[in-house]
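As a basis for the values below, the full set of heavy atoms in this structure was taken, side chains included, without hydrogen atoms, waters or symmetry mates. Numbering of ligands and ligand atoms starts at 1, following listing order.
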Amino acid sequence: IGRHVLYYDSVESTQIIAHKVAREGAQEGTLVIAGEQTGGKGRMARPWHSSNQKGIWMSLIVRPMLPPEKAPQFTLIAAIACAKAIEEVTGLEPNIKWPNDILYNGKKLTGILTELQGEADKVNFLIIGIGINVNQKNEDFPEHVKDIASSLEIESGQPVSKVKMIQKILKYFEKYYVLYMEKGFAPLKILWESYAGGIGKPIIARTITGEISGTAIGITDEGILLIEDHEGNIKRIYSADIEFPS
Ligand code: BTN
């Protein structure tokens with residue numbers, strides 16, 4: 001992973017470049033990194049603020065021999081790799097908010113966007129987009145995200161090396177990817193849960209079909225979120241925005 005690196009000073013989105021080179025046959029583990037993005041993409045078609053050199057904006061191409069329904073697990077694997085890297089490089093102990101946000105003190109440090117290109121029965125390639133706020137100061141964030149976003153520098157009180165962070169993320173991603181292909185998701189689920197903030201707490205999940213509230217129970221071996229609603233029914237959540245009401 002990360003043996004082939006494509007670096008760009010400024011691009012619209014590393015996701016777009018990664019899709020293009022993957023379609024042209026880029027090999028597994030190819031990494032696309034940009035100094036800044038002019039049109040960074042977030043989950044659910046939201047924009048991702050990345051028009052500065054202070055964060056890590058990168059997309060990783062992987063080609064696992066798996067059916068497409070396994071793709072969401074890669075988001076969780078990437079989240080664990082990022083959380084572990086943040087821990088080792090900065091000493092901070094971040095939380096993962098299902099499926100893929102990495103938070104510290106309730107503020108977002110990292111977002112992950114996994115996009116799938118595949119057929120009915122197999123993944124062709126996955127593009128795992130990782131955005132990490134590294135050396136931004138509070139005033140670097142646009143007004144509407146100031147209260148919900150933070151950076152490694154703000155939280156740790158000192159500048160953080162982007163190169164060190166990238167090296168650690170790739171190292172752990174590779175390690176967990178190998179573990180996953182050998183042993184399946186079960187050992188990773190345990191790791192993921194060790195970072196998950198909200199298990200056992202009240203939770204609200206907003207999905208495209210509506211809102212489900214209840215208690216967060218955990219994730220399944222497939223990486224699906226489980227919520228027990230107020231009637232005691234267990235609901236399986238495949239895709240949603242979640243909130244922990246206080
Ligand atoms: C989210 O939390 O909504 C996901 C954000 C993902 C952002 C990264 S930055 C690198 C890659 N390129 C993009 O345009 N998006 C992802």
For K146, salt bridge (Lys or Arg N to Asp or Glu O under 4.0 Å) partners two or more places apart: E143

Go through the structure and list residues passing salt bridge (Lys or Arg N to Asp or Glu O under 4.0 Å) with K97, not counting sequence neighbours. none

Tell me whether the count of non-hydrogen atoms from other residues, nucleotides or ligands lying under 6.0 Å of NZ in K70 goes above 12. no

Check ion pair R43-D241 (N to O, under 4.0 angstrom): yes

To the nearest 0.5 Å, tell me how far K171 NZ sits from E88 CD. 5.5 Å

Residue shell for ligand 1, any heavy atom closer than 4.0 Å, reads S13, T14, Q15, Q37, G40, K41, G42, R43, W48, W57, M58, S59, D101, K108, G111, I112, L113, G129, I130, G131

Filter on ring-ring contact (aromatic ring centres under 6.0 Å, His included), then keep only pairs touching residues 12-39, sequence neighbours left out; what's left? H19-F125

